[in-house]
Amino acid sequence: MTNYQPKDSSKSPRFCGIRTFMRLEQIKTTDHVDFVVVGVPFDTAASNRTGQRYAPQHIRNFSVLLRPYNPDMDINVFDYCSGVDYGDIDVIPGNIHRTYDNIVAELTPILDKGIVPIIIGGDHSISLGNLRAFHKKYGAVSLVHFDSHSDTWNDYYGERYMHGTPFRRAVEEGLIDPRHSIQIGLRGPLYSAQDYEDARELGFEVVPMKEVRKIGFDQVMKRIHERVENRPVFVSYDIDFVDPAYAPGTGTPEVGGPTSFEALEYVRGLDGLNIVGFDLVEVLPTYDANEITAVLASSVIYEMITLTALKKRRELQQKAEVLNQQQ
Ligand code: MN
Ligand code: MN
């Protein structure tokens, strides 16, 4: 069986070769893989700055520094899983609906085989396309959403498909189960108090950043795990969840957010959930400084890959236990 893993940087210097995520092979295959990293460089639904289309390659460029052993989670990722850089999905700049169709068409064969896609945006509008594909495979999934915004507005200038509306549309389309979904990190000035209430009225549990600070990491993680239980869950990570001091390269930054250490811890804390896919969105390279945002984004994705390996290890251990009991 083919086990796709990164190029060995002790033999081939990491600055050599064409940049793929973590130096994984760039091959569009669904055979013998547990996860794929795939770019969706769509950014024409952003309400403020644009340029997120350049994020997948920007993050890949920095990701060559990642190494296979994760000391914080004590696992050599590629002992348990195999993955490739699947390349980018062809988007249609300026046409979100045809882009959504392409996202669904491209993700479907990946999901049909139970592979975990790790999707790099793009602006946050792409999550609606992602969720449409996940719904076909898993039904209404739970959503764990890290963001400084709830992205449940109804429209911008009368346009209903923008980067601030995907999760309202997802609820309306029945793609997610809001009773088992949670949004974390919301902050910043709003138009009115109704903005958070709208998300709650849709059924989401909402933990604004101020409450995150007040109750602390362990309580936040407890609430996430209690909310989701063992349902199939999609994790959507908007890089503006993180304080702009640690992630300046984004379109709608909000100060007063988590540090980069905390940003990683919130992903690590998801271990144990039944995660079926991830996206990481809203990185905007032209506003990045010294690749600060790319360092963080590539590390967040690395923690997502690690979670996939940990899930795989759990499944293998469970299988072994069943076999032992049968003997
Ligand atoms: Mn967002
Ligand atoms: Mn945001």
Side-chain angles (χ1 to χ4, degrees), residues 3-10 12 14-15 17 19-26 33-40 55-88 115-122 144 146 217 221 233-242 246-247 249-250 258-273 275-283 285 288 290-314:
N3 186 26
Y4 294 105
Q5 48 182 304
K7 236 187 195 92
D8 184 349
S9 295
S10 68
S12 154
R14 58 184 77 255
F15 47 84
R19 302 297 170 86
T20 61
F21 192 83
M22 206 184 167
R23 309 194 76 201
L24 289 163
E25 275 187 62
Q26 205 251 293
V33 290
D34 303 297
F35 73 88
V36 299
V37 177
V38 56
V40 182
Q57 204 51 46
H58 183 63
I59 295 167
R60 286 181 178 114
N61 280 344
F62 195 84
S63 70
V64 296
L65 210 64
L66 297 167
R67 302 176 186 90
Y69 179 72
N70 185 332
D72 296 292
M73 303 305 276
D74 189 22
I75 188 167
N76 189 320
V77 171
F78 294 92
D79 284 351
Y80 296 95
C81 64
S82 161
V84 295
D85 188 326
Y86 205 78
D88 291 342
I115 297 163
V116 174
I118 301 169
I119 301 151
I120 312 178
V144 174
F146 297 101
F217 173 80
M221 292 322 301
V233 56
F234 181 78
V235 177
S236 192
Y237 198 107
D238 184 327
I239 202 72
D240 72 29
F241 168 63
V242 188
Y246 303 88
T250 193
T259 65
S260 47
F261 175 75
E262 292 161 343
L264 299 176
E265 282 291 290
Y266 280 103
V267 184
R268 293 172 188 143
L270 302 176
D271 183 31
L273 294 179
I275 301 171
V276 292
F278 303 87
D279 63 24
L280 180 133
V281 296
E282 295 287 351
V283 170
D288 203 1
N290 298 326
E291 297 182 303
I292 294 170
T293 317
V295 182
L296 178 65
S298 63
S299 302
V300 169
I301 294 169
Y302 177 64
E303 296 300 335
M304 292 170 172
I305 294 174
T306 301
L307 290 178
T308 310
L310 289 162
K311 183 178 162 192
K312 195 87 190 161
R313 183 167 73 182
R314 261 196 316 280

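Computed from a prediction, not measured in an experiment: that's the story for all the values here.
For the atom pair OG of Ser299 and CZ of Phe62, the computed distance is 7.0 Å after rounding to the nearest 0.5 Å. Here the straight-line distance linking atom CG of Asp34 with atom CD1 of Ile115 works out to 8.0 Å at 0.5 Å rounding. In this structure, CD in Gln5 is found 9.5 Å from CE in Met22, a value given to the nearest 0.5 Å. Atom CD of Glu303 sits about 5.5 Å away from atom CG of Leu264, to the nearest 0.5 Å. Rounded to the nearest 0.5 angstrom, Ile239 CD1 and Ile59 CD1 are separated by 7.0 Å.
Here Glu262 pairs with Arg213 under the salt bridge (charged side-chain N to carboxylate O under 4.0 Å, His left out) rule; sequence neighbours left out. Legend: residues meeting side-chain hydrogen bond (donor to acceptor under 3.5 Å, both in side chains) with Thr250, ordered by chain and number and at least two apart, are absent. For Asp279, the side-chain hydrogen bond (donor to acceptor under 3.5 Å, both in side chains) criterion is met by Ser127, Asn130, Ser236, not counting sequence neighbours. Looking at residues two or more places apart in sequence or on another chain, you find no side-chain hydrogen bond (donor to acceptor under 3.5 Å, both in side chains) involving Ser63. Residues meeting the side-chain contact (heavy atoms from CB on, under 4.5 Å) test with Pro68, sequence neighbours left out: Asn76, Phe78. With sequence neighbours left out, Arg314 forms a salt bridge (charged side-chain N to carboxylate O under 4.0 Å, His left out) with Asp271. Residues that satisfy the salt bridge (charged side-chain N to carboxylate O under 4.0 Å, His left out) test with Lys7, not counting sequence neighbours, are absent from this structure. In this view, Asp85 and Arg60 satisfy the salt bridge (charged side-chain N to carboxylate O under 4.0 Å, His left out) rule, not counting sequence neighbours. Partners of Ala309 under the side-chain contact (heavy atoms from CB on, under 4.5 Å) rule, at least two apart in sequence or in another chain, are Ile75, Val77, Tyr80, Cys81. Taking Tyr266 as the reference, Phe217, Phe241 meet the ring pair (Phe, Tyr, Trp, His ring centres under 6.0 Å) condition, with sequence neighbours excluded.
In this structure a side-chain-to-backbone donor-acceptor pair under 3.5 Å is present from Asp288 to Ala294.
Shortest non-hydrogen contact noted between Asp88 and Pro56 is OD1-CB, 3.9 Å. In terms of heavy-atom proximity, Leu66 sits nearest to Arg14 at O-NH1, 4.2 Å. The two atoms that bring Ala55 and Gly121 nearest to each other are CB-O, 3.3 Å, heavy atoms only.
At a threshold of 4.5 Å between non-hydrogen side-chain atoms, the residues Thr308 and Ile275 do not count as touching. Counting heavy atoms from C-beta outward, Phe35 and Leu24 have side chains that approach closer than 4.5 Å. Side-chain contact check for Ser298 versus Phe21: some heavy-atom pair is nearer than 4.5 Å. Looking at heavy atoms from C-beta onward, Asn70 lies in side-chain contact with Tyr302 at the 4.5 angstrom threshold. Residues Arg23 and Ser12 form a side-chain contact, since some pair of their non-hydrogen atoms from C-beta on lies under 4.5 Å apart. Side-chain contact between Glu25 and Thr20 is absent, with no heavy-atom pair separated by less than 4.5 Å. In this structure, Val242 and Tyr237 have side chains that are in contact, with non-hydrogen atoms separated by less than 4.5 Å. Side-chain contact between His58 and Glu291 is present, with at least one heavy-atom pair separated by less than 4.5 Å.
Dense packing is recorded around NZ of Lys311, with more than 12 heavy atoms of other residues, nucleotides or ligands lying under 6.0 Å away. More than 12 heavy-atom neighbours from other residues, nucleotides or ligands sit within 6.0 angstrom of CG on Asp8.
The stretch residues 66-81 participates, sequence neighbours left out, in these salt bridge (charged side-chain N to carboxylate O under 4.0 Å, His left out) pairs: Asp72-Arg268.
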Verdict with reasoning, Leu296 to Ile292, per side-chain contact (heavy atoms from CB on, under 4.5 Å): CA-CA 7 Å; Leu296 178 65; Ile292 294 170; 6.0 Å; no
Worked check of side-chain contact (heavy atoms from CB on, under 4.5 Å) between Phe146 and Leu270: CA-CA 12 Å; Phe146 297 101; Leu270 302 176; 4.0 Å; yes
Stepwise side-chain contact (heavy atoms from CB on, under 4.5 Å) test for Met73 and Tyr69: CA-CA 9 Å; Met73 303 305 276; Tyr69 179 72; over 6 Å; no
side-chain contact (heavy atoms from CB on, under 4.5 Å) between Leu307 and Phe278, worked out: CA-CA 11 Å; Leu307 290 178; Phe278 303 87; 4.0 Å; yes
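Among Val295, Ile118, Val283, Val267, the single residue meeting the side chain to side chain contact (heavy atoms under 4.5 Å, CB included) criterion with Val300 is Val267.
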